[in-house]
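Beneath this line is the structure, given in structure tokens, with notes to follow.
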Amino acid sequence: MNSWAEVAIPPLGGNFDIPQLSLRDTARNGIYPLPKKDVYRIYVCGITPYDATHLGHAATYLTFDLINRYLRLQGSEVKFVQNITDIDDPLLERATRDGIDWKELAKSQIDLFRGDMVNLHVIPPDHYVGVVEAMGLVVDAIHKLESENSTYFVDEDLYFSVRTDEKFGSRSHFSQEKMIEIFSERGGDPNRLGKRDPLDALLWLSHRDGEPSWSGPHQDGRPGWHIECCAIALNYLDLDSDSSTSIDIQGGGSDLIFPHHEMSAAQGAILQGREFASHYVHSGMIGLDGVKMSKSLGNLVFVSRLIASGVDPMAIRWALMESHFSVDRSWSQALLEDAQTWILRLRDALSMMEVAPTHSVISEIIKAQAENIDTPQSLQVIKNWVNDCHKGSSGGNAGELSRAIDAILGLAL
Ligand code: ZN
């Protein structure tokens with residue numbers, strides 16, 4: 001699958017101390033530094049392409065873009081892979097509802113997503129991989145799980161036995177009852193007769209009438225949701241055999257903590273004989289005017305529609321950075337208007353003949369980002385600088401700051 005256009009990252013220039021990045025890890029329930037490495041491996045779960053990119057998606061991909069930018073700032077190489085769940089129940093259900101071919105629906109929404117990512121200046125993944133094109137890898141991974149005695153059949157459908165991973169549940173921290181409840185809400189089938197544990201996850205669904213199917217580990221069908229990410233991450237991230245974990249960061253929205261990331265991590269642990277990721281990083285959910293944004297409530301705000309209505313994509317970036325990535329946040333028209341005002345004020349300040357000192361401002365932004373990507377603090381530092389410029393402070397270099405906020409925060413002004 002084609003990724004999207006490369007984003008130019010200007011060199012920082014100057015002499016800046018770049019502290020080690022610390023990030024919140026869901027599994028350890030705290031903020032921990034990433035070990036210093038020359039190469040980092042990041043896997044971020046992509047969209048299921050049955051609807052356009054809404055602000056919740058934008059917030060997630062912005063989070064990992066900022067992490068990516070910081071690690072590059074450290075001088076490290078970042079290997080970054082993202083998937084597209086281009087075959088799954090929601091996609092087939094939406095295509096059937098709307099009377100269109102599921103492949104056409106997926107293609108149109110993937111195209112829209114790419115356009116949104118380009119507009120938002122999100123660094124593209126090195127590999128952008130659809131499940132359909134990775135089917136061979138998924139089948140290979142399932143065979144390996146079978147050889148580790150981690151699978152069993154219910155009728156002709158193949159399941160992953162979650163308890164074969166002794167650390168199952170340790171990354172998401174929910175009770176068995178809570179896990180069952182969430183599993184049921186998010187595509188799981190805890191009540192299916194014949195399962196050994198209600199939480200065991202579908203690996204391969206045998207062919208159903210009217211559904212597309214592929215050649216499988218034993219019979220035609222299609223894969224379960226969680227095995228795809230595990231198989232794609234382990235095959236496309238060029239793993240480091242010396243590391244204690246397969247990858248450095250598994251990322252996505254906080255709605256993926258359970259079951260999706262717990263399941264993929266458990267499967268990855270069995271496949272590789274080591275912990276899947278060193279950091280499990282999750283971005284908070286986006287609400288609208290204080291209400292959870294969801295398809296069922298019909299209150300999704302789509303990035304493409306905002307941009308088509310004339311909203312500056314950099315104002316969307318700014319507005320999303322006004323709150324910390326890890327907390328649930330609310331979107332509002334007032335937030336967007338405030339962001340648009342600040343983008344204009346910042347552009348205005350950057351075009352002044354004399355600007356307030358910039359070197360210390362850049363240092364403060366770097367420091368804020370190093371501490372768990374503290375974007376509210378970074379934006380506050382910029383606001384203070386803009387205000388100082390308007391008060392007549394001088395001695396700075398506008399070009400230097402402009403390049404730095406482009407490189408670090410992705411704000412190309
Ligand atoms: Zn995933």
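What you see below is based on every heavy atom in this structure, not just the backbone, and it leaves out hydrogens, waters and symmetry mates. Every value quoted in this text rests on a predicted model; they were computed, and no experiment measured them. Whatever order the structure lists ligands and atoms in, that order sets their numbers, starting from 1. Here, residue 1 is the first one in the sequence, and each next residue gets the next number.
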Does the side chain of [X] come under 3.5 Å of the side chain of [Y] through a donor N or O and an acceptor N or O?
X: T164; Y: S150; value: yes
X: Y152; Y: D200; value: yes
X: D220; Y: S213; value: no
X: Y70; Y: D65; value: no

Around the Zn ion (ligand 1), number of protein N/O/S atoms which are nearer than 2.8 Å: 3
Do the side chains of Q267 and F276 get nearer than 4.5 Å, heavy atoms only? no
Donor-acceptor contact present, side-chain W318 to main-chain D338, <3.5 Å: no
